Amino acid sequence: MKAKAIKLGWSLVYFVAGMLLLLGMWDMVSRITKGEIPSPIATWGTFKEVMTNPFQNDPDYKGIGTKLLSSLARVGIGFGLGSLIAIPLGFVLGSSRIAMNIINPIVQILRPVSPLAWFPLGLAIFQDSPKASIFMIFICSLWPTLINTSFGASSIPQDHKNVGKAFGFSVWKYITKIMLPYTLPHIFTGLRLSIGVAWMVIVAGEMLSGGIGLGYFVWEEGFNGGSVGKILVAILIIGAVGLLLDRLFTSLQKRFTYAV
């Protein structure tokens, strides 16, 4: 218990040190640009202004909290749909060499495609900008989960497989009792990477599609004579939410490392 507390304390010290380093570099950039990039103190004032009534949802004005929830909703849908496809398909690829040889080249062709290239295709398919953004998140976020799941499924030791054969496991029982428990750490590693990709892609998607999300907020402030301070606030919120999502999936990943 004491060792755990000490480890937590050091983690907090490192985090604070990192934040102080970031603030110092930020303040230095602000001084070099003679205030064109607002200082941390000036940005804090803008943050308090932006956070006034953050969940306002009037037709003419959306609060920053409303914009954040809109972005999270799109990410949740795209990421969820991608996971629903990636995990079962990863099981198939990891279990069948034939399926791997057939599908893996397709994966390697589609995986490096830029997120921005998928948006026009989604727009052509759905004729709707928000749905095109969700499609872009879906197609970009499924690859890490697919690859990690297939790797986990293909790495199951032969002894585990022999146990299933010895007890006459059905396909479903083999999946739930052997394949899924062994593969869970790999799945959560993929999910952690995928949620990071999904959250990164949403900004680009909303810049193209418009709407009320954080990405469009950054675009609007940057190209319509808006406030650089508000852009920095949005960047910090995007970064903070990305950190929280990463921590969530990291904790889930650690929770299931027993399955290895």
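No hydrogens, no waters, no symmetry mates; every other heavy atom, side chains included, goes into these values. What you see is a predicted model; the values in this text were computed from it and never measured.
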Is it the case that more than 12 heavy atoms not belonging to Gln158 sit under 6.0 Å from its CD atom? yes

Of all heavy-atom pairs linking Ile64 and Met51, the shortest is CG2-SD, 3.6 Å

To the nearest 0.5 Å, what is the distance between OG1 (Thr176) and NZ (Lys173)? 8.0 Å

Please check if the number of heavy atoms outside Met25 that lie under 6.0 Å from its CE is greater than 12. no

Taking the six-membered ring for Trp, is the centroid-to-centroid distance between Phe249 and Phe79 below 6.0 Å? yes

Considering non-hydrogen atoms only, spot the tightest contact between Ala234 and Val218 and give its length. CB-CG2, 3.6 Å

Just do the side-chain contact (heavy atoms from CB on, under 4.5 Å) check on Leu191 and Ser83 with the steps written out, would you? CA-CA 8 Å; Leu191 291 174; Ser83 301; 3.4 Å; yes

Charged N to carboxylate O under 4.0 angstrom, Glu206 versus Arg74? yes

For residues Leu81 and Phe126: do they belong to one hydrophobic cluster (side chain heavy atoms under 4.5 Å, members Ile, Leu, Val, Met, Phe, Trp, Tyr)? yes

Would you say Leu72 ends up clustered with Leu243 if hydrophobic residues are merged whenever their side chains have heavy atoms under 4.5 Å apart, either directly or through other cluster members? no

Leu20 atom CG, neighbour heavy-atom count above 12 within 6.0 Å: yes

Rounded to the nearest 0.5 Å, what separation is found between the OG atom of Ser194 and the CD1 atom of Ile137? 12.5 Å

Pairwise distance OG1(Thr145) to CG(Leu89) - rounded to 0.5 angstrom: 11.5 Å

Crowded around Leu244 CG? As in, over 12 foreign heavy atoms under 6.0 Å? yes

Surrounding NZ of Lys161 (heavy atoms of other residues, nucleotides or ligands, distance under 6.0 Å), is the total greater than 12? yes

Ring geometry between Phe47 and Trp44 (parallel below 30°, tilted from 30 to 60°, perpendicular above 60°): parallel

Would Met136 end up clustered with Met200 when hydrophobic side chains under 4.5 Å apart are linked, directly or stepwise? no

